[in-house]
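Reviewing the structure listed below.
Proteins come first, then strands; the chains are lettered A, B, ... in the order of their sequence lines, and each starts at number 1.
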Amino acid sequence: MHPCCGDGLFHVPEIEALLAHASWVRDEHRSAAMLSRTALFVPTCTQVRGMATLKEIRNRLKSVKNVQKITQSMKMVSAAKYARAERELKPSRPYGTGAAAFYDKVDIEQDREKPRHLLVTIGSDRGLCGAMNSNINKLLKNYVKDNADKEIKFVTLGDKARQALYKTHSEYFMMTYSNFGRQPATFSDAAEVAEAVINSGYEFDVGEIYFNEFKSVVSYNLRPLPLHSLESVSEADSLAVYDSLDAEVIRSYQEYQLASVLYACMKETNCSEHSARMTAMDSATKNAGGKALLTCRETQCYCL
Amino acid sequence: MASLVSRVPRLLQAVGRTLAVQATRSYADAAGPVGMSFTFGSPAAAFYNAATNVRQVDVPTFSGDIGILPSHVPTLAVLKPGKLTVYEDDATVNQFVVSSGSVTVNEDSSVQILAEEACRLEDIDPQLARSGLEKAQQQLSAAGTDAERTEAQVALEFHEQVVKALE
């Protein structure tokens, strides 16, 4: 007994149309339906207004299942990358704190009113990793808006920032790095960026590194770390406390510290990216397999 | 006279506290006994993270070999390839081989040593170290451009120090 007939749930001509075009309905059902009611007309198109056809429901079910498979496999890949990134983050955290400790103790003031600013942002190449890159892009846009009278230069790591901003803010971009995030960051990567920043010859007064600090699997937050130029370090008052320093030592020290701080920030970003992607894909899988799937299944059963 | 008398025990105290065998540059201001917060690591491994049980550290730097004790005068230095020795409070001695990096001693007696590469002396294979030294020597003699020569010299110096540390 067809569940739709006699229920009054569906309008009769629509059922006939549906059954007439559902090729997998068994013959006895069709003949039974035909016997019980005379078909008034048989429309030539499959589209019936107000209700999805069985074929469409079937296709939707298939595509939902496919989407689920994709998001689930992306989640597993991200989980593996996250596990490795977290393992490598453990020793690099004290390393980064050690590198930043000198600047904390010396307490060099960055005067934001000074004209030349440098922003280094660390994002990712690929999307689907939560709000990470959009936070950075928003920040860059707002920074430019709030400091319209200053000279600002960006150094961006990760393609997403470039893709979002290059068209409108191309004059601010000094350097951009892509191919970041696929492989775990190494110290030589950080050294390369540090060398490029120093050799660029851009004498900045105020510098900051923005990155997403990894808090836990479900949370990360955008944080700045100060980036000091050689001049501001050499001229700092509290530097006099330090014994036997010459220009050579300060310069080498400064270069190495920059690379170390960048390395620590890169590691944090790697970890944030993979954990964010893992949670995003996890929610996507759950959502795909949730209400949407259930509704499709229910409707399919009804139509049988 | 009184000032001289009061200064003598201070100097003795300062001299007595420099125990390092190598030539030391350090002298301690006779401040109260405050331990040093010691952080030593490389990008790949953190050996000490704000450890307070360290008595002395011998560090090879480009400005000379330094022995750092608590209350060492604040200084910055560039790390040279070589052997780094850590003497802990309970008389254990840990030896490491480091490549380049930075050394920071702050006013509050915290010490941060960041090395680009560092590993325990026990983990070094003497055979590999010696073959590395020979290879570096060959590279230096075969070096063409200035950049190649500098790189080869850096490699050579590093391997020499490693082999020396193993002896």
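- When each of Leu139(A), Leu140(A), Val120(A) is tested with Tyr210(A) by the rule side-chain contact (heavy atoms from CB on, under 4.5 Å), just one qualifies, namely Leu139(A).
- If you measure heavy-atom distances from Tyr263(A) to chain B, the contacts under 4.5 Å come from the side chain alone.
- Contact of Gln257(A) with chain B is made through the side chain alone, with heavy-atom distances under 4.5 Å.
- Contact of Ala50(B) with chain A is not made at all, since no heavy-atom distance falls under 4.5 Å.
- For Val103(B), the part sitting under 4.5 Å from any heavy atom of chain A is the backbone (N, CA, C, O) and nothing else.
- Residue with the most contacts toward chain A among Ser100(B), Gly41(B), Gly101(B): Gly101(B) (heavy-atom pairs, distance under 4.5 Å).
- Aromatic ring centres of Phe214(A) and Tyr220(A): separated by at least 6.0 Å.
- Of all the listed residues (Asn106(B), Val78(B), Asn49(B), Leu76(B)), the one sharing the greatest number of non-hydrogen pairs under 4.5 Å with chain A is Leu76(B).
- Not less than 6.0 angstrom separates the ring centroid of His117(A) from the ring centroid of Phe204(A).
- For Asp159(A), the salt bridge (charged side-chain N to carboxylate O under 4.0 Å, His left out) partners at least two apart in sequence or on another chain are Arg162(A).
- Most heavy-atom pairs under 4.5 Å with chain A: of the set Thr104(B), Val105(B), Thr39(B), this distinction falls to Thr104(B).
- For Tyr256(A) and Phe187(A), the gap between ring centers is short of 6.0 Å.
- Electrostatic pairing of Glu88(B) and Arg55(B) does not count as a salt bridge here, judged by no charged N lying under 4.0 Å from a carboxylate O.
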